[in-house]
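Down below is the structure, laid out as structure tokens.
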Amino acid sequence: MDKAHELRWNPLLGCWIIVAGHRAKRPWRPEEKKHFCPFCPGAPETKDKGEWDVLVLPNKYPALSLDAKEPTRCDELFKSGRAVGVCEVVIETPEHEGDLCDLTLNHMKKVIEVFTEEYVKLGNIPEVKYVAIFRNKGKEIGVSLTHPHSQIYALPFIPPRITIELRNMEKYYKEKGKCLICTIIEKEIKERTRIIYENNAFICTLPFYAMWPYEVHVYPKRHVTSLADLSDKEKLALADALRVMTGTYNALFDRDMPYIMVFHQKPTDEGAYEYYHMHIEFYPPYRERDKLKYAAGIEWGMWTFTYDGIPEEKAEELRKACLKFLSRSKEYLGKCGGSI
Ligand code: ZN
Ligand code: ZN
Ligand code: FE
């Protein structure tokens, strides 16, 4: 590892930055042709792996590593830390093209099982405090490889967004004696104006407090803190929900829709966090078919989001797109008790 590979502390915001100098050299969308794709079967990266349907590989340009150097600066203000951790890539299918909705239900469930295994395995590494699982799709999001894949960052700290959620869920639990997200789910089911899709174990809702025009949260109906708490049947229901949501996005404007998908789970440090309710969040960057929503001055500079439109109306659009997707893809209807 070169020397520009460390954590740096931002004392203004109280959070870590991962400095990874070598990542600047990584290729930008190198393969437009299938035979250059490093994730396709037969590529140097994948060819000694035998038959596979879902494959975990170490990230070739990791921002974190287990043999990271000791920090170089430890004065109070300009403090650095060990960039210790693991960066992995989960190749979701040998197929070069497609989205999660193009996987079969059982294949998608296998992807979730792999996420679960990695969450547990990486979370057991003593230095790892948080396992961040996410999926970036589309060139608008800056994805350098088009072959379907997700990423996992096993971090040596709890990221700021999770810290905020933990704080609010803990506060709610202490004050009301119940879980914040469990209560939100009850309200969403009662109001039914923002739910896009629901099956026997999950609801997909455009939250009352959405920041992105077509943001959707996928909430497990049962109070679970991480993927590791899900039963086999719930994993199948999650596979169903993620297939349906990505299919819904692609049906919305009849175009391949880019998005960010993140798993919010409890940290893997010593804490208990029983009040935390795991969930998945989707942020697609479009506000109309050909118009991007940018996180600009007020959003990025202030972390205050303006919502272009009315969440309940956007939810209605997504519900229609969901019906369109479901009518095209009837083979799994009813498998997990799905309804709109
Ligand atoms: Zn490929
Ligand atoms: Zn809950
Ligand atoms: Fe969240």
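Both ligands and their constituent atoms are indexed starting at 1 by order of listing.
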Taking the Zn ion (ligand 2) as the apex, Cys182 SG and Cys179 SG span an angle, rounded to 10°, of 110°
Opening angle between SG in Cys40 and ND1 in His96, taken at the Zn ion (ligand 1), to 10 degrees | 100°
Are any N, O or S atoms from His217 nearer to the Fe ion (ligand 3) than 2.8 Å?
-> no
Of all the N, O or S atoms in His147, which one sits nearest to the Zn ion (ligand 1)?
-> ND1
For the Fe ion (ligand 3), what is the closest N, O or S atom on [X]?
X	value
His264	ND1
Glu165	OE2
Glu281	OE2

Main-chain N/O of Pro71 paired with Ser80 side-chain donor or acceptor, under 3.5 Å | no
With distance as the sole test, does Arg135 use its side chain to make a donor-acceptor pair with the main-chain N or O of Met261 at under 3.5 Å?
-> no
Are the charged groups of Lys121 and Glu118 less than 4.0 angstrom apart, N to O?
-> yes
State the atom name: nearest N, O or S atom of His223 to the Zn ion (ligand 2).
-> ND1
For the Zn ion (ligand 2), the closest N/O/S atom belonging to His277 | ND1
Are Phe253 and Tyr214 an aromatic pair by the rule of ring centers under 6.0 Å?
-> yes
Within a strict 4.5 Å, meaning less than it, do heavy atoms of the Pro220 and Leu238 side chains meet?
-> no
Using a 4.5 Å cut-off on heavy atoms from C-beta on, say whether the side chain of Leu122 contacts that of Glu88.
-> yes
Would you tell me whether Glu274 and Thr225 have side-chain atoms, one donor and one acceptor, within less than 3.5 Å of each other?
-> no
